[in-house]
Number of protein chains: 2
Amino acid sequence: MSPAESAVETIQREMTIFARRARASAGRMHPELSLVSYTLLGHLEERGGCRATDLAAHYALDKSTVSRQVAALERTGLIERRPDPEDHRVQVLHLTEAGQEILAQVTRSRRAAFRERLAGWPEEDLVRFAAYLERYNAEPGGAEPA
Amino acid sequence: MSPAESAVETIQREMTIFARRARASAGRMHPELSLVSYTLLGHLEERGGCRATDLAAHYALDKSTVSRQVAALERTGLIERRPDPEDHRVQVLHLTEAGQEILAQVTRSRRAAFRERLAGWPEEDLVRFAAYLERYNAEPGGAEPA
DNA sequence: GCGTTGTAGTTGTATAGTACAACTTGAACT
DNA sequence: AGTTCAAGTTGTACTATACAACTACAACGC
């Protein structure tokens with residue numbers, strides 16, 4: 001196996017290990033907000049509101065799944081739906097103040113955990129690692145191995 | 001935000017994106033073997049057999065979860081249990097031939113997908129990226145942000 | 001030896017996240 | 001007006017998961 005092939009092998013294995021751990025640790029780190037909810041809220045914040053269909057498309061989730069997640073987030077008062085005057089089928093989703101607060105809080109705790117984990121890394125390595133990850137995720141899908 | 005802080009932020013975000021995609025794409029790539037099953041089989045292959053408890057500990061899964069996964073894998077004939085003569089409470093798990101074949105096949109398809117995705121990368125970057133990921137995952141847990 | 005405590009694994013029960021299919025409502029385009 | 005398309009909801013089912021209670025066996029202390 002060439003160095004490149006063996007590196008690909010390692011990347012695959014380590015990414016998979018990471019993925020396996022992510023959900024469980026999210027549950028431990030912020031039980032009040034699942035990884036999915038956190039991601040959806042983050043997207044809403046970033047975009048300043050969007051439609052359920054956009055969330056579904058962006059995260060490759062079924063619209064029924066998003067519908068239920070959104071319903072739950074609305075029930076707990078973290079988001080609200082505003083009817084779209086342009087198109088009465090559409091509901092534009094927005095963070096409430098409570099949603100913004102919880103999101104900020106969870107973001108802080110996640111950030112602290114990552115920072116702690118990466119505490120021993122030289123800045124140069126952090127920057128390079130971050131760049132590799134961005135590049136990997138931005139890579140046009142293909143078979144989308146994760 | 002310092003370069004290091006912003007890199008940590010990026011790492012967090014990109015790792016989360018990756019984690020979110022992993023399960024869905026595993027389902028698309030190899031519906032015959034869930035991400036968990038694939039991981040467990042891989043571990044068995046690597047170790048040449050181990051106990052259910054080891055799997056649970058290594059992957060931070062509840063023993064009941066592993067027990068059911070193992071039962072399913074046995075039902076489909078991919079693994080077999082051998083009683084441990086040393087300790088009658090223990091069952092040592094081993095891949096069957098069928099299990100080895102399926103694992104190899106899924107490994108091939110995953111490898112191909114990763115390779116395709118990483119096709120444009122210079123070898124040097126692949127090697128460095130792989131090293132960063134290994135280091136990240138090996139980092140002593142702490143809050144285990146994934 | 002025998003009771004106590006610990007470990008391996010199973011099973012009951014509950015929950016979350018997810019998909020697919022069928023449906024409703026409204027939009028858009030003949 | 002009628003057909004087709006898009007947004008979202010709801011019914012149903014399945015998978016992964018955890019926790020708790022249980023069984024079976026092991027190991028230790030006395």
Side-chain angles (χ1 to χ4, degrees), chain A residues 16 19-41 44 49-76 78-94, chain B residues 16 19-41 44 49-76 79-94 146:
Chain A
T16 307
R20 200 176 9 74
R21 289 186 191 162
R23 189 176 300 228
S25 56
R28 264 176 280 126
M29 267 173 55
H30 42 81
E32 71 282 12
L33 215 55
S34 76
L35 190 54
V36 189
S37 302
Y38 173 72
T39 310
L40 297 184
L41 290 190
L44 286 184
C50 73
R51 305 176 307 161
T53 300
D54 298 337
L55 293 176
H58 196 258
Y59 296 116
L61 293 170
D62 192 80
K63 55 187 177 160
S64 65
T65 301
V66 172
S67 174
R68 289 183 227 266
Q69 291 285 339
V70 163
L73 288 172
E74 191 191 24
R75 237 179 290 118
T76 48
L78 304 184
I79 69 176
E80 62 183 14
R81 319 184 197 216
R82 303 183 191 158
D84 182 343
E86 305 288 298
D87 184 337
H88 286 193
R89 293 170 304 180
V90 171
Q91 302 167 144
V92 184
L93 308 171
H94 286 270
Chain B
T16 306
R20 202 181 0 81
R21 290 186 190 160
R23 190 176 301 227
S25 57
R28 264 176 279 129
M29 268 172 54
H30 42 81
E32 72 282 10
L33 214 57
S34 76
L35 190 55
V36 188
S37 301
Y38 172 73
T39 309
L40 296 184
L41 290 190
L44 286 184
C50 73
R51 304 176 307 161
T53 300
D54 298 338
L55 293 176
H58 196 258
Y59 295 115
L61 292 170
D62 192 81
K63 57 188 177 160
S64 66
T65 301
V66 173
S67 174
R68 288 181 228 266
Q69 292 284 340
V70 163
L73 288 171
E74 191 191 26
R75 235 180 291 120
T76 49
I79 67 176
E80 61 182 16
R81 318 186 196 213
R82 302 183 192 159
D84 183 342
E86 305 287 297
D87 184 337
H88 287 194
R89 293 169 304 179
V90 171
Q91 300 167 148
V92 184
L93 308 172
H94 286 269

Participant: Just how far, in rounded Å, is C1' of C:dG26 from CD of A:Glu86?
Facilitator: 14 Å

Participant: Quick check on DNA chain C: between A:Ser37 and B:Asp87, whose nearest nucleotide comes earlier from the 5' end?
Facilitator: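 Nearest-nucleotide comparison on DNA chain C picks B:Asp87.
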
Participant: Are the side chains of A:Ser37 and A:Gln69 in contact, using a 4.5 Å heavy-atom criterion?
Facilitator: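 Touching, per the 4.5 Å side-chain cut-off.
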
Participant: To the nearest angstrom, how far is B:Glu74 atom CD from C:dG9 atom C1'?
Facilitator: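 Rounding to the nearest Å, CD of B:Glu74 and C1' of C:dG9 are 13 Å apart.
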
Participant: Can you tell which of C:dG9, D:dT10, C:dG26 lies closest to the side chain of B:Lys63?
Facilitator: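 Of C:dG9, D:dT10, C:dG26, C:dG9 is nearest to the side chain of B:Lys63.
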
Participant: Does a side-chain N or O from A:Ser67 land closer than 4.0 Å to OP1 or OP2 of D:dT9, or not?
Facilitator: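 Yes.
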
Participant: In whole angstrom, what separates A:Leu61's CG from C:dC20's C1'?
Facilitator: 14 Å

Participant: Under 4.0 Å, counting only non-hydrogen atoms across every strand here, what does B:Thr53 touch: a base, just sugar-phosphate, or nothing?
Facilitator: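 Sugar-phosphate contact only.
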
Participant: Within the 4.5 Å heavy-atom criterion, are B:Leu40 and B:Tyr59 side-chain neighbours or not?
Facilitator: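 The answer is yes; the side chains approach within 4.5 Å.
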
Participant: Quick check: do B:Leu55 and B:Leu93 have side-chain heavy atoms less than 4.5 Å from each other?
Facilitator: yes

Participant: How many Å lie between CZ on A:Arg68 and C1' on D:dT12, as a whole number?
Facilitator: 9 Å

Participant: Report the distance from atom CG of A:Asp84 to atom C1' of D:dG8, rounded to the nearest whole Å.
Facilitator: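 In whole Å, D:dG8 C1' lies 13 Å from A:Asp84 CG.
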
Participant: Between B:Ser67 and B:Lys63, is there a donor-acceptor pair closer than 3.5 Å when you use the side chain of the first and the backbone of the second?
Facilitator: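 Not at all, since once roles are kept as given, no pair shorter than 3.5 Å links the two residues.
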
Participant: Take atom CG of B:Leu55 and atom C1' of C:dT7, then tell me their distance rounded to the nearest Å.
Facilitator: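 Atom-to-atom, B:Leu55 to C:dT7, this comes out as 16 Å.
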
Participant: Counting side-chain heavy atoms from CB outward, which of C:dT10, C:dG26, D:dT9 is closest to A:Gln91?
Facilitator: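 Output: D:dT9.
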
Participant: Base, sugar-phosphate, or nothing: which does B:Asp62 touch, judged by heavy atoms less than 4.0 Å apart?
Facilitator: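 Answer is base: heavy atoms of B:Asp62 come under 4.0 Å of a base.
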
Participant: Which part of the nucleic acid does A:Val36 contact within heavy-atom distance under 4.0 Å: base, sugar-phosphate only, or nothing?
Facilitator: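 Sugar-phosphate only.
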
Participant: Mind calculating the distance between CD (A:Gln69) and P (D:dT10) to the nearest angstrom?
Facilitator: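 To the nearest whole Å, that distance equals 15 Å.
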
Participant: Do any N or O atoms from the side chain of A:Asp54 and from the backbone of A:Arg51 form a donor-acceptor pair under 3.5 angstrom?
Facilitator: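 Yes: the side chain of A:Asp54 pairs with the backbone of A:Arg51.
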
Participant: Whole angstroms only, please: what is the CG-P distance between B:Leu73 and C:dG9?
Facilitator: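 Rounded to whole Å, this separation is 15 Å.
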
Participant: If you only use heavy atoms from C-beta on, which nucleotide in D:dG8, D:dA26, C:dG26 is closest to the side chain of B:Arg89?
Facilitator: D:dA26

Participant: Starting the side chain at C-beta, find the nucleotide from C:dT11, D:dA16, C:dG26 nearest to A:His88.
Facilitator: C:dG26

Participant: Among the candidates D:dA20, D:dG8, C:dG9, find the nucleotide nearest to the side-chain atoms of B:Arg51.
Facilitator: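 Comparing D:dA20, D:dG8, C:dG9 against the side chain of B:Arg51, the answer is C:dG9.
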
Participant: Looking at A:Ser64, does any N or O in its side chain come under 4.0 Å of the phosphate oxygens OP1/OP2 on C:dA19?
Facilitator: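 For C:dA19, OP1/OP2 do not have a side-chain N/O of A:Ser64 under 4.0 Å.
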
